[in-house]
Amino acid sequence: MNTHRAATEAISGFGMDTITLAGPLEAKLAAMKDAGFTQVMLKANDLVGHPGGLGAALQAVKDSGLRGTGFQVLRDFEGLSGHLHLYKVDIAKSMLEMCAALDCKVLLACSSTSVHASQDLDHIARDLRKLAMLAIPFGIRIAYEGLSWGRTINEFTTAWDVVCRADCPNLGLGIDSFHIFAAKTPLDEIDYLDPSKIFLVQLADFMWQETKTFEERMTTARTFRVFPGEGVHSEQLVELVLKLDALGYEGDYSFEVFNDDYQQMPLPMVAERARRSALWLAEDVMRRSMPLPNQMRLKPTRA
């Protein structure tokens, strides 16, 4: 088996988000494929913003041979009433249709930041159950993620609470390492989750220890995440991945990396950084009982 093929098999459980890369959709998909990735997390703008239209975007994804990890992102859906609720239901239906057209099995929904939304957890759970029911005819699962700046749900622990209240088989959790580290949620809380109800895990790191305000969290999350192993939370990230592995999580990991600097770099360079990160996680972290965070292969080598 050649080295590239072996690396591709090693990182088969990992994928990139299109949001990390600059340029047209076809170029993003090609860069991921060339780096050895077999899956991709897609976003709505990949389709509706394609110059050739929706059909051309769908064909590009199909032609790439990459499997869709999931589709993102439905925002501010839960907790609304009256005309606002009806509006968001309509948006959700459109998102589900695009998700299904891509043959993605997971739609990511983020916790609400809206001041117009109810903070009653039962109301939130009721709306999430409705969303999940809308997804059933499409064969789609809803991964509900607690944004670290969410108005009511800003930690995965509370997101898990409302998922349990909703009690719908195709409604589960979306776990995002950035939001866990930003909110300083204790990683021991992972142990209380049901692995079969974790539908997606998104991984990223960042370059400072604290994000003290919601505004700082938003700015960091949207402009300066880095790949796992490149930031200052490597030990926590190792602990998170090993906890999920020990818990029995067998789903996908996707690199949810928003970074303005990466948007100014050639696509192959960024995809190679992601590949090194995936190899570190797959080989050095998940296959060793004692990970070696100071010997990560993705650390820059001297010329």
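Values below: every heavy atom of this structure, side chains too, minus hydrogens, waters and symmetry copies.
- Residue Arg225 is tested with Asp176, Asp205, Thr220 for a side chain to side chain donor-acceptor pair (under 3.5 Å); the sole match is Asp176.
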Could you tabulate the donor-acceptor pairs under 3.5 Å formed by side-chain atoms of residues 80-89, not counting sequence neighbours?
unit_1	atom_1	unit_2	atom_2	d
His85	NE2	Lys130	NZ	3.0
Lys88	NZ	Arg75	O	2.9

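- Centroid-to-centroid, the aromatic rings of Phe224 and Trp208 come within less than 6.0 Å.
- Residues Val201 and Ser254 form no side-chain contact, since every pair of their non-hydrogen atoms from C-beta on lies 4.5 Å or further apart.
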Applying side-chain contact (heavy atoms from CB on, under 4.5 Å), run through Gln236 and Phe181 and close with a yes or a no.
-> CA-CA 8 Å; Gln236 289 173 280; Phe181 302 154; 3.6 Å; yes
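- Considering only heavy atoms from C-beta on, Thr213 comes within 4.5 Å of Glu216 through its side chain.
- By the 4.0 Å N-to-carboxylate-O rule, Arg67 lies close enough to Asp252 to be salt-bridged with it.
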Worked verdict on Cys168 versus Met133 for side-chain contact (heavy atoms from CB on, under 4.5 Å) = CA-CA 8 Å; Cys168 203; Met133 294 297 289; 4.0 Å; yes
Test side-chain contact (heavy atoms from CB on, under 4.5 Å) on Arg222 and Asp260 and set out the steps.
-> CA-CA 8 Å; Arg222 293 171 176 172; Asp260 286 353; over 6 Å; no
Quick one: do Phe206 and Phe178 satisfy ring-ring contact (aromatic ring centres under 6.0 Å, His included)? Show the steps, please.
-> CA-CA 8 Å; Phe206 52 106; Phe178 173 87; 4.9 Å; yes
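- Between Lys93 and Asp90 there is no salt bridge, since no side-chain N of the basic residue sits under 4.0 Å from a carboxylate O of the acidic one.
- A salt bridge links Lys243 to Asp191: one of the charged nitrogens lies within less than 4.0 Å of a carboxylate oxygen.
- Remark: Arg141 qualifies as a cation-pi partner of Phe199 under the 6.0 Å distance and 45° angle criteria applied to the six-membered ring.
- Salt-bridge formation is not detected for the pair Asp122/Arg126: no Lys NZ or Arg NE/NH1/NH2 atom is positioned less than 4.0 Å from an Asp or Glu carboxylate oxygen.
- To the nearest 0.5 Å, the span separating CG on Asp127 from CD on Glu78 amounts to 7.5 Å.
- Screening Leu96, Leu173, Leu74 for a side chain to side chain contact (heavy atoms under 4.5 Å, CB included) with Ile142, the sole residue that qualifies is Leu96.
- In summary, of the residues considered (Asp46, Asp103, Leu102), a side chain to side chain contact (heavy atoms under 4.5 Å, CB included) with Leu58 occurs for Leu102 alone.
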